[in-house]
Amino acid sequence: MSSRTSPISRPVTIRRAVARDAKRLTRLVRGSGAYAGQYAAAVAGYRVGPDYIEAHRVFVAVGADGHGGRVLGFYSLVLAPPELDLLFVADEVQGRGIGRLLVAHMQSEARAAGIDRLKVVSHLPAEDFYHRVGAVRTGTALANPPAVPWDRPEFEFRIPSE
């Protein structure tokens, strides 16, 4: 098993994001390898600000290390209308289960908020990931030039009650 696909070996904690996480989350979005090349324009000026973190349910996956925890990924759950707005995993830990942990956490948060389904407009390279974690393709979000000049797959997570 390569290091790219081996499970994360240190404990991962998922916690609510706070304002001081904003710069790290912005760097994670802008530095994502999934948005390189033709997709770079979509995140070039993107900012996850403290105001965004305060307005939405943003959660961060943090790895246990000697530096107070390294951000491995994060997601943002928008309640009205219900949508998984952002989901990013650091390039160097992709394929190690962080995305699945974040999705499971998001589903738990959605369930606790009384949400039974929520939308995701996916980035093209993430389409297979959403299929693997149980999202159902529901349509296509049309291009929105100049920032997003390509169509994107739309998915829905159905959140079962426990």
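When reading the values below, keep in mind they use all heavy atoms of this one structure, side chains included, and skip hydrogens, waters and symmetry mates.
Scanning both residues, R137 and T140, for their nearest heavy atoms gives NH2-OG1, 2.9 Å. Here the shortest heavy-atom pairing between R111 and P160 reads NE-O, 2.6 Å. Across every non-hydrogen atom of G33 and D91, the tightest pair is N-OD2, 2.7 Å. Taking every heavy atom of both residues into account, L118 and L84 meet most closely at CD1-N, 3.5 Å. Considering every non-hydrogen atom in both G73 and L102, the closest pair reads C-CD1, 3.9 Å. Shown here for A42 and V148, the closest heavy-atom pair between the two residues is CB-CG2, 4.4 Å.
By the 30° and 60° cut-offs, the orientation of the rings of F88 relative to F74 is parallel. Classified by interplanar angle (parallel below 30°, tilted 30° to 60°, perpendicular above 60°), the ring pair H131/F155 is perpendicular.
Note that NZ of K119 is 14.0 Å distant from CZ of R117, once rounded to the nearest 0.5 Å. To the nearest 0.5 Å, atoms OG1 (T13) and CG (L72) are separated by 9.5 Å.
Across L77, V133, V103, a single residue satisfies side chain to side chain contact (heavy atoms under 4.5 Å, CB included) together with L87, and that is V103.
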Using the rule given for side chain to side chain contact (heavy atoms under 4.5 Å, CB included), can you reason through D21 versus R15, listing the C-alpha separation, both sets of side-chain angles and the distance that settles it, and then say yes or no?
CA-CA 11 Å; D21 292 320; R15 62 164 172 79; 2.7 Å; yes
Start with the C-alpha gap between M106 and V120, add the side-chain angles, then the distance that decides, and say whether side chain to side chain contact (heavy atoms under 4.5 Å, CB included) holds.
CA-CA 12 Å; M106 175 275 301; V120 178; over 6 Å; no
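Residues H105 and Y75 form a side-chain contact, since some pair of their non-hydrogen atoms from C-beta on lies under 4.5 Å apart. Inter-residue side-chain proximity for L25 and I53 is flagged as met; some heavy-atom pair is nearer than 4.5 Å. When side chains are defined from C-beta on, V121 counts as touching E83, because their heavy atoms get closer than 4.5 Å.
Grouping the Ile, Leu, Val, Met, Phe, Trp and Tyr side chains by contacts below 4.5 angstrom, directly or via other members, places L86 apart from V18. At a threshold of 4.5 Å between side-chain heavy atoms, the hydrophobic network of Ile, Leu, Val, Met, Phe, Trp and Tyr places L124 and V136 in two separate groups.
Sorted by first then second residue, the side-chain hydrogen bond (donor to acceptor under 3.5 Å, both in side chains) pairs that include residues 36-48, not counting sequence neighbours, number zero.
With hydrogens and angles ignored, the 3.5 Å screen pairs no side-chain donor or acceptor of E127 with any backbone N or O of S122. Looking at T26, its side chain does come within 3.5 Å of a backbone N or O of V48 through a donor-acceptor pair. Remark: the backbone N or O of A143 is paired with a side-chain donor or acceptor of D151 at under 3.5 angstrom.
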